[in-house]
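Structure, as structure tokens:
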Amino acid sequence: MVEAAPPRFKRRLVGQPLLYAISIFASLGVFLFGYDQGVMSGIITNPHFRKYFHAPGAIEVGTMVAVLELGALATTIAAGRVGDIIGRKGTLFIGAIVFTIGGAIQTFTNGFTVMAVGRIVSGFGVGLLSTIVPIYQSEISPPNHRGALACMEFTGNIIGYASSVWTDYFCSFIDSDLAWRIPLFIQCIIGAILAAGSLVMPESPRWLIDVDKDAEGLRVIVDLHGGDEQNEMAQAEYTEIKDKVMFERESGEGRSYAVMWRKYKRRVLLAMSSQAFAQLVSLFIIYYLTPRVFEEAGWLGRDAVLMTGINAIIYVLSTLPPWYLVDRWGRRPILLTGAVIMGIALAATGWWMYIDVPQTPKAVVACVIVFNAAFGYSWGPLPWLYPPEIMPLTFRAKGVSMSTATNWAFNFLVGEMTPILQDVIEWRLYPMHGFFCACSFILVYFLYPETMGVPLEEMDAVFGEGSLFRVVVRPHTDIFCAEELEERLDNESERASLVSNTLPINHQAIRPRLRSSSPSARGWVSRLMRRNDGRAHYEPIADAEE
């Protein structure tokens, strides 16, 4: 048993308070790039901004806004290696500093070129943060609350967006260029706070163990379990993480992108597709162009920003139900129902704009609000949760960097094209994105496995990969057999899951079991949302089955 390293100073936070403090801190990271994305939505319609930049056209506005994605795309690709080399904390710190510099450049810009440079630099910081924050959160979180904590993190992102919209609205009453410079400067303050916070938060225990800083990793795990160094579950979790690391090393394979693609191609494609469709169902409309959508529907000037602010509040509220549902319903039902509601709302938005009747402005507002709420409940948070869940530790940073790079690549594509398409195809833009919602439904229904409650080290059981389990599917039946091939899952892991009569709130290693997925064994939501296709279903072992 590895002895935990003595702390350099007495930690005041252990157990759940420490876990929640880390989650709040991670939420500040996503608050930052949520604010940055949303702040431009009100600025580009501000009369002082338009006058200062000589009434920029659709292409200039689209470029000025979307160029951030190019910067984010560049550092997102690099973040996979950076996160493995200097750790999660170090990457957070660098990302926050770079973002703050970019915000300062935007604040004191003297023209279009400098503004574009500032947006790109901020994008560099956003790329690092948007890649590493979900990884950090997933590696800290316990499996039975991992989904809820990730959804809370996304709520922080939307609070950042809503804060930027209301900041734009109140600053619009300032009769000078400060009306748009102040909102840009606020992001510098937030970035500085995040950089300072990253210096006091603990490092990811999984990264520490992966780089052979075992004592420090165990220390963090012990703190997350309440601070007792003799805690059996903390020791069991450490053992399982370490065993997984050693198992991957003994395979003799490298940790390059090429090896990851060859070994985990399905997982990488699923992770990338989740982020791609998050953009194709049109995240860009929510963050950047909602005021313009309202202007097209008849709400002009400051009224368009006000309606965007009201919509943002509803959007924040829509991110709350997943806190409860994601670890009870699962990931698949939420994504499927969200796709249906969004598709209907987008089709209705296009129809109201097409008929153009006196009721159109209010109807469009209602449809956009429904769409945004459905997105905030489903395709907003889950594509940030899913990739770090399904990728193994040795390739987690690289896999998430590819999925996040996909996010920014599609974000740039949609962002660059949306203003142009709004002018060219007008109302048809919205049914087009409704079609992408239908495509996302099909993709999730047929290809996405459920990951609810599965410990990160045991995700191989869900995908039928690795040497932990051999799954035998008998044709035309729902009977599954799982042969456990390594005794390590029968030792510390099983002991950790059976220490108490209830599942622990904090981290634990739970031995997976593949069970029958017959209709009678599933709840009404599962029967409604899933095919009877005989797929393996992960469940933790129960006390009575010991």
Donor-acceptor contact present, side-chain [X] to main-chain [Y], <3.5 Å:
X    : Y    : value
W379 : L335 : yes
H433 : L280 : yes
T406 : A276 : no
T76  : A405 : no
R119 : V67  : no
R332 : E450 : no

Residue list, salt bridge (Lys or Arg N to Asp or Glu O under 4.0 Å) with [X], at least two apart or on another chain:
X    : result
D327 : R331
D228 : none
E248 : K244, K263

Note to self: Determine whether I105 and I101 satisfy the following criterion, side chain to side chain contact (heavy atoms under 4.5 Å, CB included), listing intermediate values before the conclusion.
What the structure shows: CA-CA 6 Å; I105 295 174; I101 295 172; 4.3 Å; yes
Where is the tightest heavy-atom contact between [X] and [Y], given as atom of each residue plus distance?
X    : Y    : answer
Q279 : V414 : O-CG2, 3.9 Å
Q235 : E229 : NE2-O, 3.1 Å
T100 : A192 : OG1-N, 3.5 Å
P183 : D168 : CB-OD1, 3.4 Å
P134 : T131 : CD-O, 3.5 Å
L92  : S198 : CB-CB, 4.3 Å

Do [X] and [Y] have side-chain heavy atoms sitting under 4.5 Å apart?
X    : Y    : answer
S273 : L443 : yes
L224 : I22  : yes
H48  : L178 : no
V211 : E203 : no
V30  : F154 : no
Y161 : V316 : no
E69  : N407 : no
W384 : T404 : yes

What is the distance from atom [atom1] of [X] to atom [atom2] of [Y], rounded to the nearest 0.5 Å?
X    : Y    : atom1 : atom2 : answer
I159 : I313 : CD1   : CD1   : 11.5 Å
R206 : I241 : CZ    : CD1   : 4.0 Å
L19  : D223 : CG    : CG    : 12.0 Å
L385 : T451 : CG    : OG1   : 6.0 Å
I158 : T319 : CD1   : OG1   : 6.5 Å
I135 : S130 : CD1   : OG    : 10.0 Å

Notebook entry, point to check: Run the side chain to side chain contact (heavy atoms under 4.5 Å, CB included) check on L346 and C437 step by step: do they pass?
Noted result: CA-CA 9 Å; L346 286 170; C437 291; 3.9 Å; yes
Excluding sequence neighbours, so at least two apart, what forms side-chain contact (heavy atoms from CB on, under 4.5 Å) with [X]?
X    : value
P387 : A271, S274, V400, S403
S318 : Y315, A373
T91  : V82, I86, L128, I132
C151 : P322, W323, V326, P381, L382

Next item on the list: List the steps, then state whether side chain to side chain contact (heavy atoms under 4.5 Å, CB included) holds for L456 with M391.
Entry: CA-CA 8 Å; L456 296 180; M391 295 303 301; over 6 Å; no
If a pair satisfies salt bridge (charged side-chain N to carboxylate O under 4.0 Å, His left out) and one of its residues is in [range], list it, with sequence neighbours excluded.
range            : result
residues 79-103  : D84-R88, D84-K398, R88-E139
residues 97-108  : none
residues 140-165 : R146-E389

Item checked: Qualifying residues under ring pair (Phe, Tyr, Trp, His ring centres under 6.0 Å), relative to Y386, sequence neighbours excluded -> Y448
Notebook entry, point to check: How about W329 and T337: does a side-chain donor come under 3.5 Å of a side-chain acceptor?
Noted result: no
Checklist line | Pair listing, ring pair (Phe, Tyr, Trp, His ring centres under 6.0 Å) test, anchored in residues 165-216, at least two apart | finding: F49-W180, Y52-W180, F53-W180, W166-Y169, W166-F170, Y169-F173
Next item on the list: Inspect the contact between R396 and D210 and indicate whether a charged nitrogen and a carboxylate oxygen are less than 4.0 angstrom apart.
Entry: no
Next item on the list: Can you spot which of L73, V98, L70 makes a side chain to side chain contact (heavy atoms under 4.5 Å, CB included) with F124?
Entry: V98
Note to self: Working note: Q187 + F99, criterion side chain to side chain contact (heavy atoms under 4.5 Å, CB included); need CA distance, chi angles, decisive distance, verdict.
What the structure shows: CA-CA 8 Å; Q187 60 187 342; F99 182 91; 3.4 Å; yes
